[in-house]
Structure formats: structure tokens, C-alpha cells
Amino acid sequence: MWGETFDDFENEECEMAVAKQNLMCEPARADFTFSKLPLGIQPVDFMKTHFAETAAKSMQFRKGTTTLAFVYEPATPNDKGGIIVAVDSRASSGEYISSKSVMKILDIGDRMVATMAGGAADCQFWTRIVAKYCTLYELREKTSITVSAASKYFANVLYGYRGQGLSVGSMVAGYDKKGPQIFKVDSEGDRCQLKVCSVGSGSLNAYGILDNHYKPKMTDEEARQLGLRAIMHATYRDSGSGGVCNLCHITPTEKIRLPPMDVSKLWFEFAEELGRDITYNPVE
């Protein structure tokens, strides 16, 4: 190249020779080791049960999660209103808890999120596809995409792969020019708009709390406590749900992610609030 000297060419040749020599050498073994199974579980028995050729029944695709979202109006001028999205953080693989810290609220836009229920890989992959589409739409059209359009694209993509083994149960929730909206989307391509929605194995327990305590108008603190209470009861009754409760509050102007709350601590807090004893003490 112009401006280079013969010494520069010699240095480049030396660097290329060193790089080739390094590539031809046997790679150094890493010190990485797989994390061990919990105490009491034998690795050999665990592998035979879940990954052997005869483990067809144990390899069934079992899911467990609890996600919920609801729309509410501000009860006082000091409240913001909007959408509360609350989820648990447990990922289960059959009878084995594979993770206790999964973030099931995935960002799609500045004021739009999607929840995960079903297969973690399916939900994460297709949610990223939707997020990419929404970003390209905003760059092309110079305006934010609506929640309805994003959920419709999500449903159309999943409809094209129906019957091929996908496991997706998601909620697309956000705030746009039409106001707060929640759309439920599943792997069969079904899509419906709801004001109160819950998806997952613990959804029936969450619906029990939402149906009894949900009000169209609430303060921000009441709405957040309702989301925490519903997830806490779902994790307490559903073995596939647990970990911590992640909560996101979408307002007309911003998206607020609250710190995770341990569901076991929430249980004791709500029990103390109700004056309920955890254990039964018989009267002498």
C-alpha cells in the first residue's frame, strides 16, 4: 500500500507467520466444568432418566410458568395508570428446575413488551424476530408501530409454523396512540385482545386473585400489589412456577421495571397482612 516501507511488509509477514503457527497448534484445553446436579441426585441415573433412548415418556415437553397483565385507569390525579405486567422466573425441564432467574418480560419497543410462556427458546427467538420487525418499521415509516400491528405480525409468523412443534404462549402489551392494549398470542396463530390476561400453568391461580381484586380504577400501588399478589399465589400453588416476581409498569410516558421480589418473602408478608398463621397450632 502507498506510504508503507519494506520494514512494514516484513512486520506483516512475521505477524502472518505467527498467526498461522498459532492456528496449526493444538488448542489449549479450557478449565470449564459443568455445574453439578443438586445433592441427592446421581448423575448417571439422571442422564438415563432424561436423555436415554428409553426415556421417551420423561422427555415430554413439559412447561411451567405464570405470566399476567392487566390494564387499569388511575384512581387519583397523582397516579399514572397504564399496564401492569408481572411474571415469575422459573424455567423447568420436566421434573427438573433448570433455572430460577429467567427474565420472562422481553422488550419489543420503548413502551412495549412481550411475555414468555411455553418453550423458552421458541419465545426468545420469535420475540427477537418481532422486535427486529418493529425496529425496521419505525426506521422506515418514521413513526412508532402500534401494539395491534406488532401482535398481528407475531401471530402471522407463528401461524406459518403451526403444527410444527412450536410452544409459544405470549402477551404483547404496550402503550401507543390508541392507549394501553394487551394482545394474547399463541403458537397456533390465535390472537385476541384482552383487558385482564394470564398465561401459563399457574394462570388459573392468578385468575382467581385477579377476578376477585381487579378494579378498572386503581392507584399505582394497588395495581402493583395486585400483580405481586397474583404471582405469589400462583407460585405457591403451581409447582412449575417460582423464583422471583419481575414486574413492569408501562405508563403513557415510560416503562418502569421494578426490582425483583422473592415470592417466598411475599407469601409471609401477605400472610402477616391477613393475620393468617403459616402453621396450625392446636389449642391445648
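Residue indices begin at 1 and follow the sequence shown. Just so you know, these numbers come straight off a predicted model, no measurement behind them.
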For [X] and [Y], which I'm curious about, is there any donor-acceptor pair between the side chains at under 3.5 Å?
X: Asp262; Y: Ser264; answer: yes
X: Ser89; Y: Lys104; answer: no
X: Arg90; Y: Ser241; answer: no

Side-chain heavy atoms of [X] within contact of [Y], under 4.5 Å:
X: Lys80; Y: Ile256; answer: yes
X: Asn205; Y: Thr66; answer: no
X: Val263; Y: Val244; answer: no
X: Leu158; Y: Val185; answer: yes
X: Val157; Y: Trp126; answer: yes

Spell out, yes or no, whether [X] and [Y] are grouped together once hydrophobic residues are joined by side-chain heavy atoms under 4.5 Å, including indirect joins.
X: Ile182; Y: Leu68; result: no
X: Met261; Y: Tyr236; result: yes
X: Leu106; Y: Val130; result: no
X: Tyr153; Y: Met112; result: yes
X: Leu258; Y: Val102; result: no

Closest non-hydrogen atom pair, [X] against [Y]:
X: Ser151; Y: Phe183; value: OG-CG, 3.4 Å
X: Ser187; Y: Leu166; value: OG-O, 3.4 Å
X: Gly202; Y: Ala234; value: O-CB, 3.5 Å
X: Val199; Y: Ala117; value: CG1-CB, 3.8 Å
X: Tyr207; Y: Cys197; value: OH-CA, 3.5 Å
X: Ile145; Y: Ala150; value: CD1-N, 4.0 Å

Checking [X] side chain against [Y] main chain: does a donor-acceptor pair fall under 3.5 Å?
X: Tyr214; Y: Val71; value: yes
X: Asp79; Y: Gly81; value: no
X: Tyr137; Y: Ser144; value: no
X: Asp176; Y: Val147; value: yes
X: Asp122; Y: Gly118; value: no
X: Thr115; Y: Met171; value: yes
X: Lys255; Y: Gly109; value: yes

Within this structure, what is the [atom1]-[atom2] distance for the pair [X] and [Y], rounded to the nearest 0.5 Å?
X: Met218; Y: His213; atom1: CE; atom2: NE2; value: 11.5 Å
X: Lys177; Y: Thr146; atom1: NZ; atom2: OG1; value: 7.0 Å
X: Thr135; Y: Leu139; atom1: OG1; atom2: CG; value: 7.0 Å
X: Leu210; Y: His233; atom1: CG; atom2: NE2; value: 11.0 Å
X: Gln225; Y: Met232; atom1: CD; atom2: CE; value: 10.0 Å
X: Thr253; Y: Arg111; atom1: OG1; atom2: CZ; value: 7.5 Å

Let me see the working for Ile108 and Thr127 under side chain to side chain contact (heavy atoms under 4.5 Å, CB included), right down to the final yes or no. CA-CA 7 Å; Ile108 292 182; Thr127 303; 4.3 Å; yes
Salt bridge (charged side-chain N to carboxylate O under 4.0 Å, His left out) pairs touching residues 203-227, sequence neighbours excluded, are Lys215-Glu222
Can Glu141 and Glu138 be said to form a side chain to side chain contact (heavy atoms under 4.5 Å, CB included), step by step? CA-CA 5 Å; Glu141 303 295 336; Glu138 293 179 1; over 6 Å; no
| Derivation and outcome, side chain to side chain contact (heavy atoms under 4.5 Å, CB included), residues Phe154 and Ser170 | CA-CA 10 Å; Phe154 197 2; Ser170 179; 3.7 Å; yes
Only one of Ile231, Val85, Ile105, Val87 passes side chain to side chain contact (heavy atoms under 4.5 Å, CB included) with Thr67, and that residue is Val87
Can you tell me if CG on Asp110 sees more than 12 non-hydrogen neighbours from other groups inside 6.0 Å? no
message: Take a 6.0 Å sphere around OH of Tyr161 and say whether it holds more than 12 heavy atoms from other residues, nucleotides or ligands.
response: no
- Task: Carefully, step by step, assess Arg191 and Ser148 under the rule side chain to side chain donor-acceptor pair (under 3.5 Å).
- Result: CA-CA 10 Å; Arg191 167 181 171 269; Ser148 177; 2.9 Å; yes
The single option from Thr235, Asp238, Asp88 that satisfies side-chain hydrogen bond (donor to acceptor under 3.5 Å, both in side chains) with Thr65 is Asp88
Residues passing the salt bridge (charged side-chain N to carboxylate O under 4.0 Å, His left out) test with Arg257, sequence neighbours excluded, are Asp107
Taken in chain and number order and not counting sequence neighbours, the residues that satisfy salt bridge (charged side-chain N to carboxylate O under 4.0 Å, His left out) with Lys100 are none
Set out, in order, the CA-CA distance, both residues' side-chain angles and the distance that settles side chain to side chain contact (heavy atoms under 4.5 Å, CB included) for Cys248 and Ile250, then state yes or no. CA-CA 6 Å; Cys248 179; Ile250 305 175; 4.1 Å; yes
